[in-house]
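To start, the structure under review is shown below, and the notes come after it.
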Amino acid sequence: MLVDNGIYKTLLEKKEKGRKQIAVLIDPDKVIPSELTPLLDLAMEAGIDYFFIGGSLLVKDQIKECIEEIRSHTGIPTIIFPGSPLQICSEADAILFLSLISGRNAELLIGQHVVAAPYLRESDLEVIATGYMLVDGGKATTASYMSGTLPIPSDKPDIAACTAYAGALLGLKMIYLDGGSGAQNPVPASMISAVRKAVDLPLIVGGGIRTPRQAGQAVQAGADLIVIGNILEKDPKLVLEMSASLKSRLTDA
Ligand code: 1GP
């Protein structure tokens, strides 16, 4: 039986209403869980939609603590964004079941999914099948290195569009276009709009978004959900401006 915690349904409803969404990515290695409160307060004030939790490589065992901290302070849904099955944690609301469709590494297309399957079957996590596409963001990232895959060149929107369309044909529920955490350049608008034209699935875009303007450009090009991580580690208050920028674009539309 598949668990339904209402996460995908709500995401889809917001997309259908044209309501742009924002997720804050928490890398459990880079925070002290008991000191998350100021960021959580800002995220609530900003009205963010989700917390994503995870990383391509984690060296500290803090996922559970981070999720518990978020849950005890906010009602914002927690979604695991895993780099490996070791990051499965039943305390969250959902997990992105990522298939790295931009790559040709069988382990990340299906191998690790088989390893994860029995744990997911026993958990209360809503599992959301997501086509994950790494895009060249100007430098190697932990995601590109750890996955051992070649990101899609940023000036090849057609490759991205065909890959996303193939993902939709395979029955995936969402597409995540990612430059990787700390990418030098965010995913270009031309690529986001090419993917938007190719598929009607919820489109997540992240990696290297550092300014409200970049967030706005991504949604303008067709992203439904923006993910912001790295920059908030330096300037948590930026979440307020990021969120305001998305909301004003909606009003302008
Ligand atoms: C990375 O999309 C996320 O996988 C967020 O990227 O940390 O660069 O904001 P940043």
Side-chain angles (χ1 to χ4, degrees), residues 11 20-31 36 39 42-43 46 48-58 63 66 76 78-84 87 92 94-103 108 128 130-149 151-152 154 160 164 174-189 191-192 195 202-219 221-243 245-246:
L11 196 148
K20 299 301 180 183
Q21 302 170 66
I22 182 163
V24 167
L25 172 64
I26 293 189
D27 178 337
D29 272 1
K30 295 193 182 150
V31 297
L36 275 173
L39 175 62
L42 284 168
I48 71 145
D49 299 277
Y50 313 97
F51 281 105
F52 282 7
I53 301 122
S56 301
L57 172 69
L58 296 185
I63 285 202
C66 285
I76 300 170
T78 50
I79 302 180
I80 300 171
F81 173 40
S84 90
Q87 296 176 26
I95 183 166
L96 300 183
F97 201 43
L98 301 169
S99 193
L100 182 52
I101 57 175
S102 59
L108 301 178
I128 310 175
T130 303
Y132 185 60
M133 295 168 54
L134 269 179
V135 178
D136 191 343
K139 65 168 192 179
T141 60
T142 310
S144 61
Y145 181 82
M146 290 305 294
S147 67
T149 65
I152 298 177
S154 60
M174 304 202 287
I175 296 294
Y176 190 154
L177 272 180
D178 197 356
S181 195
Q184 229 157 36
N185 315 309
V187 178
M191 185 176 282
I192 299 172
V195 170
L203 178 55
I204 306 171
V205 176
I209 297 177
R210 294 183 179 80
T211 65
R213 187 160 174 272
Q214 290 170 331
Q217 283 168 341
V219 299
D224 299 301
L225 168 58
I226 300 297
V227 186
I228 319 278
N230 225 264
I231 194 67
L232 298 182
E233 289 155 22
K234 298 184 189 87
D235 183 3
K237 286 198 176 127
L238 207 52
V239 72
L240 297 171
E241 284 176 57
M242 293 278 191
S243 170
S245 154
L246 299 199

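Note that ligands are numbered from 1 as they come in the structure, with each ligand's atoms numbered from 1 the same way. Keep in mind that what you see is a predicted model, and the values were worked out from it rather than measured.
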(request) Taking ring-ring contact (aromatic ring centres under 6.0 Å, His included) as the test, write out the residues that go with Y176, two or more places apart. (result) F81, Y132

(message) Could you go through S154 and N185, starting from their C-alpha distance and side-chain angles, then the distance that decides it, and tell me whether this counts as side chain to side chain contact (heavy atoms under 4.5 Å, CB included)?
(response) CA-CA 9 Å; S154 60; N185 315 309; over 6 Å; no

What pairs of donor and acceptor atoms, side-chain ones from residues 22-30 against any protein atom, are under 3.5 angstrom apart with sequence neighbours left out?
unit_1: D27; atom_1: OD1; unit_2: D29; atom_2: N; d: 2.9
unit_1: D29; atom_1: OD1; unit_2: V59; atom_2: N; d: 3.3
unit_1: D29; atom_1: OD1; unit_2: K60; atom_2: N; d: 2.9
unit_1: D29; atom_1: OD2; unit_2: V59; atom_2: N; d: 2.7

(message) Taking the side chain as everything from C-beta on, heavy atoms only, tell me whether L96 gets closer than 4.5 Å to M174.
(response) yes

(message) Under the rule for side-chain contact (heavy atoms from CB on, under 4.5 Å), what residues qualify as partners of A46, not counting sequence neighbours?
(response) I48, V239, L240, S243

(request) Could you tell me whether the side chain of P202 reaches within less than 4.5 Å of the side chain of L225, counting heavy atoms only? (result) no

Considering only N or O atoms, set out every pair between ligand 1 and the protein closer than 3.5 Å, with distances to one decimal place.
unit_1: ligand 1; atom_1: 2 (O); unit_2: Y176; atom_2: OH; d: 2.8
unit_1: ligand 1; atom_1: 2 (O); unit_2: D178; atom_2: OD1; d: 3.0
unit_1: ligand 1; atom_1: 2 (O); unit_2: D178; atom_2: OD2; d: 3.4
unit_1: ligand 1; atom_1: 2 (O); unit_2: G207; atom_2: N; d: 3.1
unit_1: ligand 1; atom_1: 4 (O); unit_2: D178; atom_2: OD1; d: 3.4
unit_1: ligand 1; atom_1: 4 (O); unit_2: D178; atom_2: OD2; d: 2.5
unit_1: ligand 1; atom_1: 6 (O); unit_2: G207; atom_2: N; d: 3.2
unit_1: ligand 1; atom_1: 7 (O); unit_2: S181; atom_2: OG; d: 2.6
unit_1: ligand 1; atom_1: 7 (O); unit_2: N230; atom_2: N; d: 2.7
unit_1: ligand 1; atom_1: 8 (O); unit_2: G182; atom_2: N; d: 2.7
unit_1: ligand 1; atom_1: 8 (O); unit_2: G208; atom_2: N; d: 2.8
unit_1: ligand 1; atom_1: 9 (O); unit_2: G229; atom_2: N; d: 2.8
unit_1: ligand 1; atom_1: 9 (O); unit_2: N230; atom_2: N; d: 3.4

